> 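Pasting in a structure now, in structure tokens, and then I'll have a few things to ask.
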Amino acid sequence: MIHGIKGVKDLLPEEAARWQVIEAAARRLSTLYDYREIRVPIFEVTELFARSIGASTDIVEKEMYTFQDRDGSSLTLRPEATAGVVRAYIEHNLGASPTAQKFFYLGPMFRHERPQAGRLRQFHQYGVEAFGSVSPWADVEVISLLWRFLSELHLPGLTLEINSLGNAADRPVYKEALLDFLKGREKTLCQNCQRRMGTNPLRVLDCKVPTCRTATEEAPKLTDHLSPQSRQHFQEVIGGLDALGIPYLLNPRLVRGLDYYTLTTFEVTSQHLGAQNAVGAGGRYDGLVETLGGPKTPAIGFAVGMERIALMLPASTLPSPGKMVFVAAFGQKGVPAGMQILHELRSLGVQSDSDYRALTLKAHLRQADRLGAAFVLIVGDDEAEKGQVILRDMASKEQHELPLSAAAHSVATRLLPA
RNA sequence: GUGGGUGUAGCUCAAGGGUAGAGCGCCUGACUGUGGCUCAGGAGGUUGCGGGUUCGAAACCCGUCACUCACCCCA
């Protein structure tokens with residue numbers, strides 16, 4: 001038997017219904033905030049991701065699905081969507097538009113990691129990107145949209161954490177200061193952190209090992225090393241969140257894994273997930289458009305993991321299924337008559353079904369019950385000959401006869417809102 | 001890439017060397033043209049796969065594959 005690829009899952013109809021709720025909320029709220037949908041390819045030239053995400057990040061070093069095209073060029077299944085959106089923004093010269101360019105996207109991403117709870121090799125993200133504004137209010141808007149989206153889905157136990165990484169000039173200065181501090185206590189750090197000192201010292205702050213946490217208790221804080229401009233930007237973002245009543249936690253240890261982030265970074269976590277507890281995250285990336293060959297353009301965005309949201313989505317947010325009509329058609333003359341009614345019902349916009357395998361009335365009614373039909377139209381040979389059908393209300397068991405020609409219309413007016 | 005856990009009926013799980021079981025689901029009948037509920041009956045298994053130990057293996061050993069959780073890292 002051929003089975004699916006490790007870490008790549010099928011969404012069966014029952015679960016797809018949950019996803020539709022999530023996707024509908026994403027589209028509705030994005031539109032409400034005046035973000036427009038953008039659809040970019042799920043694969044791009046490898047270099048795009050290497051340049052944007054950062055050549056020395058885990059994603060680029062060991063997690064990308066990269067393959068050779070027939071002409072020998074290297075292509076990669078997108079591990080995230082920001083790079084592709086920025087590429088499209090530059091390629092179509094969207095920055096030339098007089099209005100701010102704000103986009104949202106929805107779709108699959110690919111990373112070759114060992115699967116675990118809330119982490120798959122093909123996973124799905126909803127995200128937004130806002131180009132063109134340096135204003136802290138752009139940061140606030142993006143965070144506000146993220147928070148509203150998660151709130152409207154009634155996800156439990158959420159925490160919003162926020163930090164500033166400073167601008168491109170601030171970071172090297174801080175990195176230096178942090179390294180000086182860490183060198184003094186290298187021995188007390190875990191193996192991982194000793195390695196991180198060489199690769200990405202900022203991540204040492206993010207370590208969960210208790211001894212590392214205490215060792216870095218006194219570490220210089222990123223927020224203390226911000227330039228006045230960076231500091232002011234951060235203060236204004238915080239002030240904006242306060243003004244809108246969005247609850248947050250300042251976390252000076254919050255460091256993000258992608259190289260392109262600058263200034264504001266944020267992350268929403270939940271206590272109701274496993275070890276992979278980040279529901280959504282994002283930040284500002286003022287240098288990325290320029291890095292990829294576009295005009296100097298400030299930008300900010302977020303991405304949320306749909307699988308992680310689906311894991312937490314309470315049953316109460318799921319809509320109840322619509323009422324459907326089942327046509328129980330059997331016998332030489334009953335079947336054609338029933339199929340005619342089924343066709344009419346569907347033409348009138350009534351959700352309806354039949355079962356071509358069922359040969360007896362009993363079998364039909366059992367199927368109707370399983371499908372949760374509100375009404376059943378019974379058409380056997382007797383009814384077909386009389387030109388009548390029986391309408392059965394499944395809940396009350398009440399039945400009455402209708403003329404065959406008027407049956408579909410009669411049921412439609414009964415079910416559809418006037 | 002590393003480590004732990006688990007693989008038995010369609011599903012959830014028992015049986016821990018001696019005849020493979022339960023609940024749910026499915027099928028049939030009671031009800032020959034009326035669903036659910038009840039009752040009676042029935043079908044369904046190379047115990048993931050390959051080897052080994054043993055008179056005898058679902059169980060013990062080795063290998064392998066799959067799933068799963070965690071590390072790294074991330075949404």
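Sequence lines set the chain letters: A, B, ... in the order given, protein chains first and strands last, and positions in each chain run from 1. Keep in mind that what you see is a predicted model, and the values were worked out from it rather than measured.
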> In whole Å, what separates the P atom of rC49(B) from that of rU54(B)?
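Roughly 23 Å separates the two P atoms.
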> Which comes earlier along RNA chain B counting from the 5' end, the contact point of Val304(A) or that of Lys9(A), where each point is its nearest nucleotide?
Lys9(A)
> Find the distance His112(A):NE2 to rC72(B):P and express it as a whole number of Å.
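Those two atoms, NE2 and P, are 18 Å apart.
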> Using purine N1 to pyrimidine N3 plus N6-O4 or O6-N4 for Watson-Crick, or N1-O2 and O6-N3 for G-U wobble, both under 3.5 Å, which nucleotide pairs with rC37(B)?
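Across all strands, not a single nucleotide pairs with rC37(B).
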> When rounded to the nearest Å, what value does the distance between C1' atoms of rG44(B) and rG5(B) take?
30 Å
> From CD of Glu307(A) over to P of rU68(B), roughly how many Å is that when rounded to an integer?
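Distance, rounded to whole Å: 13 Å.
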> Considering every strand and a 4.0 Å limit on heavy-atom distances, what is the contact class for Glu61(A): base, sugar-phosphate, or nothing?
nothing
> Please give, in whole Å, the distance from rC74(B) C1' to Leu120(A) CG?
12 Å
> With a cut-off of 6.0 Å (strictly less than), are more than 12 heavy atoms of other residues, nucleotides or ligands near CZ of Phe181(A)?
yes
> Can you measure Asp58(A) atom CG to rA75(B) atom P for me and round it to whole angstrom units?
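After rounding, the gap between these two atoms is 11 Å.
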> What is the distance, rounded to the nearest whole Å, between atom CE of Met109(A) and atom C1' of rC73(B)?
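Computing the Met109(A):CE to rC73(B):C1' distance gives 18 Å.
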> Under 4.0 Å: is that the gap between some side-chain N or O of Lys362(A) and OP1 or OP2 of rA30(B)?
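It does not, given that no N or O in the side chain of Lys362(A) lies less than 4.0 Å from OP1 or OP2 of rA30(B).
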> Below 3.5 Å, can you tabulate the donor-acceptor pairs from side chains in residues 305-314 of chain A to any protein atom, sequence neighbours excluded?
residue	atom	partner	partner atom	Å
Glu307(A)	OE1	His124(A)	N	2.9
Glu307(A)	OE2	His124(A)	N	3.4
Glu307(A)	OE2	His124(A)	ND1	2.8
Arg308(A)	NE	Gly118(A)	O	2.7
Arg308(A)	NH1	Ala278(A)	O	2.8
Arg308(A)	NH2	Gly118(A)	O	3.1

> For Ile378(A) and rG35(B), what is the distance between atoms CD1 and C1' respectively, to the nearest whole Å?
10 Å
> For Glu267(A) and Ile5(A), take the nucleotide of RNA chain B holding the closest heavy atom to each; which residue's nucleotide lies nearer the 5' end?
Ile5(A)
> Applying the Watson-Crick and G-U wobble criteria at under 3.5 Å, what pairs with rA20(B)? Answer none if nothing qualifies.
none
> When the P atoms of rU28(B) and rA15(B) are compared, how many Å lie between them, rounded to an integer?
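After rounding to an integer number of Å, I get 34 Å for this pair.
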> Within a reach of under 6.0 Å around CZ of Arg346(A), are more than 12 heavy atoms found that belong to other residues, nucleotides or ligands?
yes
> Classify Ala368(A) by what it touches in the nucleic acid, base, sugar-phosphate, or nothing, heavy-atom distance under 4.0 Å.
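Ala368(A): no heavy atom of the nucleic acid under 4.0 Å.
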> Side chain of Arg111(A), base of rC73(B): donor and acceptor closer than 3.5 Å?
no
> Please state whether the base of rC73(B) and the side chain of Gln276(A) form at least one donor-acceptor pair under 3.5 Å?
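Yes, a donor-acceptor pair under 3.5 Å.
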> Hey, does Gly127(A) reach any base, or is it just sugar-phosphate, or nothing, if we go heavy atoms under 4.0 Å?
nothing
> Less than 3.5 Å between a donor and an acceptor, one on the side chain of Gln399(A) and one on the base of rU34(B), is that the case here?
yes
> Any donor and acceptor pair, going by atom type alone, linking the side chain of Lys102(A) with main-chain N or O of Tyr33(A) inside 3.5 Å?
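A pair under 3.5 Å: yes.
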> Looking at the base of rU2(B), is there any donor atom on it, or on the side chain of Arg114(A), that sits under 3.5 Å from an acceptor on the other one?
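Per atom types, the contact qualifies.
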> Quick one: the side chain of Arg308(A) and the base of rC74(B), do they pair up donor-acceptor inside 3.5 Å?
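For Arg308(A), whose side chain was compared with the base of rC74(B), there is a donor-acceptor pair (under 3.5 Å).
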> Could you tell me whether the side chain of Glu63(A) has a donor or acceptor atom within less than 3.5 Å of a complementary atom in the base of rG1(B)?
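Absent.
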> With respect to Ser30(A), which candidate in Tyr126(A), Tyr35(A), Tyr105(A) satisfies the side chain to side chain donor-acceptor pair (under 3.5 Å) definition?
Tyr126(A)
> Determine the Euclidean distance between corresponding C1' atoms of rU12(B) and rG3(B); express it in Å to zero decimal places.
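To the nearest whole Å, 28 Å.
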> Expressed as a whole number of angstroms, how long is the span from Leu377(A):CG to rG33(B):C1'?
16 Å
> Under 3.5 Å for both donor-acceptor distances, Watson-Crick or wobble: does rC60(B) have a partner, and if so which one?
rG52(B)
> Can you tell me if Lys6(A) touches the phosphate of rC67(B), counting only side-chain N or O atoms and a distance under 4.0 Å to OP1 or OP2?
yes
> State which of rC73(B), rG35(B), rC26(B) makes the closest approach to the side chain of Met394(A).
rG35(B)
> In whole angstroms, how far is the C1' atom of rU68(B) from the CD atom of Gln116(A)?
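Atom CD in Gln116(A) sits about 10 Å away from atom C1' in rU68(B).
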